[in-house]
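As structure tokens, the structure follows; a few thoughts come after it.
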Amino acid sequence: MIMASQIMRRLLRSQQANSPARVSSLLLGRTFSTESNPIVATLFPGDGIGPEIAESVKQVFRAADVPIEWEEHYVGKEIDPRTQSFLTWESLESVRRNKVGLKGPMATPIGKGHRSLNLTLRKELNLYANVRPCYSLPGYKTRYDDVDLVTIRENTEGEYSGLEHQVVRGVVESIKIITRQASLRVAEYAFHYATAHGRARVSAIHKANIMQKTDGLFLKCCREVAEKYPEITYEEVVIDNCCMMLVKNPALFDVLVMPNLYGDIISDLCAGLIGGLGLTPSCNIGEGGIALAEAVHGSAPDIAGKNMANPTALLLSAVTMLRHLELHDKADRIQEAILKTIAEGKYRTGDLGGTSTTTEFTKAICDNL
Amino acid sequence: MARKALPILKHLLQSAETPLPSLHARSVTYMPRPGDGAPRPVTLIPGDGIGPLVTGAVEQVMEAMHAPLYFERYDVHGDMKKIPQVVLDSIKKNKVCIKGGLMTPVGGGVSSLNVQLRKELDLYASLVNCFNLPGLPTRHENVDIVVIRENTEGEYAGLEHEVVPGVVESLKVITKFCSERIAKYAFEYAYLNNRKKVTAVHKANIMKLADGLFLESCREVATKYPGIKYNEIIVDNCCMQLVSKPEQFDVMVTPNLYGNLVANTAAGIAGGTGVMPGGNVGADTAVFEQGASAGNVGHMKLVEQKKANPVALLLSSAMMLRHLQFPSFADRLETAVKRVISGGKYRTKDLGGESTTQEVVDAVIAALD
């Protein structure tokens with residue numbers, strides 16, 4: 001019963017959201033394709049279990065007749081001097097051209113002299129917002145049944161600017177930077193997302209009672225953007241209150257927008273509420289309407305190649321990607337199929353407590369479409 | 001045969017009926033020095049919002065128990081520019097203080113008085129004890145976590161400035177001196193309280209120098225306590241584990257900001273910040289207050305309806321009694337509070353009941369033996 005009402009709620013929300021299509025295409029700078037003209041999307045299968053779960057995604061999309069053509073790129077074996085990392089310039093150009101991508105788990109090779117892969121992607125594609133929709137999967141029981149929130153995290157500055165130095169021996173300073181431009185950008189995206197997906201409330205998370213100028217600037221920007229969207233309720237919550245309320249009653253929150261560090265912690269906390277990183281979708285939004293959906297779990301080298309991996313995170317991320325492309329009906333169908341398969345409980349991979357293989361699970365989803 | 005069996009049977013039945021020594025056991029006598037029973041002065045700061053209500057509760061219970069202390073009350077409010085010197089002098093003289101929350105105006109240009117007090121008195125360790133109270137239903141069982149948080153530096157150094165309009169910097173300062181003394185306090189606490197494991201919470205994969213220095217200090221101190229297990233965990237993973245498997249944590253030592261988040265999360269999973277005791281301690285003085293910082297001022301409705309939860313401050317005052325070396329008063333107070341909570345009749349709104357503060361206080365006084 002609860003399951004059915006949750007699915008109904010989500011369907012109603014996404015149906016309501018179909019009106020601001022023009023706003024979104026202006027904002028994102030592109031118009032979307034029709035059935036005859038497939039969209040090209042970049043796919044990074046990644047390492048470890050990446051190729052298997054990417055295969056699952058391709059299968060499910062084929063079974064659902066999604067008009068997407070995949071352009072696959074792999075992480076190279078040598079450092080490309082143009083990007084200073086193992087990702088080649090062609091891969092990045094492909095994402096820039098297609099404006100949509102899906103990324104599997106990538107293990108950064110250990111060594112010196114190159115940037116981490118995630119950092120490269122973020123800097124080169126200017127991915128400024130990380131969006132994680134967290135909702136309880138009906139049928140997979142955790143201690144929290146009524147989670148339905150979205151965390152939007154500023155991804156470029158804040159505490160993760162990497163500007164640290166040793167002042168004198170034993171004293172280290174780390175600089176946290178907040179700029180008006182980045183805060184406005186992420187606040188704009190948060191309110192746009194809320195409007196596009198029929199969300200009623202946006203909460204800005206901060207610690208401005210202590211960090212008055214930095215988080216104060218972030219809040220000021222959020223307030224400015226909030227005035228342009230009067231139909232959405234806007235509130236501000238101090239982060240310690242937010243943490244406590246999240247673990248006591250997650251139903252209190254809807255969309256959360258926050259700077260980098262708080263976003264990191266809160267989005268992982270919300271992932272923990274619904275069952276872990278293996279089930280959480282994630283999407284990075286970049287300048288010019290680029291959307292790179294990714295699975296945030298690790299590459300799990302110990303189960304790679306054994307057909308035991310759980311493709312749910314990558315599948316749900318792909319669904320997020322579809323919603324970004326406004327293919328809402330396809331997205332709903334696939335999401336419903338995934339939820340139904342997990343809820344039925346007959347085909348579950350090892351990490352959810354079952355014994356199915358990746359291929360069996362994928363086939364069950366295709367059957368449920 | 002029957003004659004022999006009868007007394008054995010009687011003995012067995014009797015021992016089965018004897019209640020387990022839980023709330024009533026008397027520990028071995030505490031031998032005080034002559035003159036220890038003379039009333040000790042304790043500074044009392046009622047604070048803002050629900051502060052006066054809950055400190056009033058503490059005063060009433062102390063009087064009902066005839067505890068050997070008397071309160072020197074000073075009024076401090078959150079909108080004052082600084083803490084009055086007379087208050088600081090009183091705390092330095094008495095060495096012990098109990099206080100309610102002081103409100104910090106958000107973005108108001110006044111630095112938080114709570115933080116000021118901690119810096120003035122150099123209360124470098126903040127302690128929150130989060131545990132499941134018997135009889136209080138929560139989603140997580142077996143929670144017994146003590147969060148020890150560095151209280152003076154880190155992100156709360158308050159060093160912010162506007163570089164150019166629209167770009168603000170905030171400095172996070174980590175020093176070896178402060179990291180070492182908080183690590184020493186954490187291990188000493190674990191040693192003196194028979195705790196088995198200390199976990200350091202950090203984000204050193206991103207903030208390599210700052211949190212790296214913190215970790216280095218913790219590792220050094222860990223080598224001096226071979227009987228206590230030490231491990232490290234990244235803060236976002238830590239929050240995820242807290243909501244799914246909190247029983248793995250024992251004592252946690254953290255820098256300033258992460259400690260705030262972790263303490264509030266741990267308090268939330270164990271029953272809410274209305275019941276968790278805690279305090280701040282330095283080399284010379286100790287200030288006891290509600291453990292986790294969320295909701296320590298409360299909102300206007302709570303104040304008007306007088307439904308604030310006094311349990312946290314009552315348990316903190318029990319900690320204060322132990323700190324002053326009055327163990328039997330502390331035991332009596334804790335037993336009474338636990339009896340009232342497990343009884344279930346007198347609970348304030350945040351615990352799911354409808355009682356007012358005064359009703360809970362009366363119930364605690366009635367439960368004292």
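All of these numbers come straight from a predicted model, not from anything done at the bench. Here is the naming used below: chain letters follow the sequence lines, and residue numbers restart at 1 for every chain.
- A cation-pi geometry, defined here as NZ or CZ lying under 6.0 Å from the six-membered ring centre and within 45° of its normal, holds between B/R181 and B/Y124.
- Of all residues in residues 202-214 of chain B, those placing a non-hydrogen atom less than 4.5 angstrom from a non-hydrogen atom of chain A are B/K203, B/I206, B/M207, B/K208, B/L209, B/A210, B/L213.
- The candidate from B/V262, B/I269, B/V115 with the greatest count of non-hydrogen atom pairs under 4.5 Å with chain A is B/I269.
- Side-chain contact check for A/N130 versus A/S282: some heavy-atom pair is nearer than 4.5 Å.
- Using a 4.5 Å cut-off between heavy atoms, B/E153 does not touch chain A at all.
- Both the backbone and the side chain of A/I177 come within contact range of chain B, with heavy atoms under 4.5 Å apart.
- When each of B/K172, B/E180, B/E216 is checked for heavy-atom pairs under 4.5 Å with chain A, B/K172 comes out on top.
- With a 4.5 Å cut-off on non-hydrogen atoms, A/Q166 touches chain B through its backbone but not through its side chain.
- Chosen from A/K248, A/K220, A/M245, the residue pairing most often with chain B at heavy-atom distances under 4.5 Å is A/K248.
- Crowding of B/E169 atom CD: a count of heavy atoms from other residues, nucleotides or ligands under 6.0 Å exceeding 12.
- At a 4.5 Å heavy-atom cutoff, the contact between A/L277 and chain B is made by backbone and side-chain atoms alike.
- Contact of A/Y262 with chain B is made through the side chain alone, with heavy-atom distances under 4.5 Å.
- Counting heavy-atom neighbours within 6.0 Å of B/K119 NZ, excluding the residue itself, gives a total above 12.
- Using a 4.5 Å cut-off between heavy atoms, B/V173 contacts chain A through both its backbone and its side chain.
- When each of B/H140, B/E155, B/K176, B/E160 is scored by its heavy-atom pairs under 4.5 Å with chain A, the top score falls to B/E160.
- Contacts between B/L159 and chain A at a heavy-atom distance below 4.5 Å are absent for every atom of the residue.
- Between the side chains of B/T138 and B/N132, at least one donor-acceptor pair of N or O atoms lies under 3.5 Å.
- Per-residue heavy-atom pair counts under 4.5 Å with chain B were compared for A/R143, A/R180, A/Q181, and the maximum is reached by A/R143.
- Ring geometry for A/Y128 versus A/Y189: interplanar angle over 60°, hence perpendicular rather than tilted (30 to 60°).
- Of all heavy-atom pairs spanning B/A312 and B/Q290, the tightest one is CB-CG, 3.7 Å.
- At least one side-chain heavy atom of A/N155 sits less than 4.5 Å from a side-chain heavy atom of A/R153.
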From CA spacing to verdict: side-chain hydrogen bond (donor to acceptor under 3.5 Å, both in side chains), B/N260, B/N264: CA-CA 6 Å; B/N260 193 358; B/N264 281 287; 2.8 Å; yes
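- The distance from atom CZ of A/R122 to atom CG of A/L125, rounded to the nearest 0.5 Å, is 11.5 Å.
- Chain A forms the most heavy-atom pairs under 4.5 Å with one residue out of B/G272, B/A267, B/G158, and that residue is B/G272.
- Residue A/D215 is tested with A/K207, A/K176, A/H206 for a side-chain hydrogen bond (donor to acceptor under 3.5 Å, both in side chains); the sole match is A/K176.
- Highest contact tally toward chain A, considering only B/I174, B/V167, B/D350, B/N114, is held by B/I174 [criterion: heavy-atom pairs under 4.5 Å].
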Does the pair B/Q248 and B/Q241 meet the rule for a side-chain hydrogen bond (donor to acceptor under 3.5 Å, both in side chains), with working shown? CA-CA 8 Å; B/Q248 59 180 295; B/Q241 298 290 328; 2.7 Å; yes
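- The shortest non-hydrogen separation linking B/L102 to B/G47 is CD2-CA, 3.9 Å.
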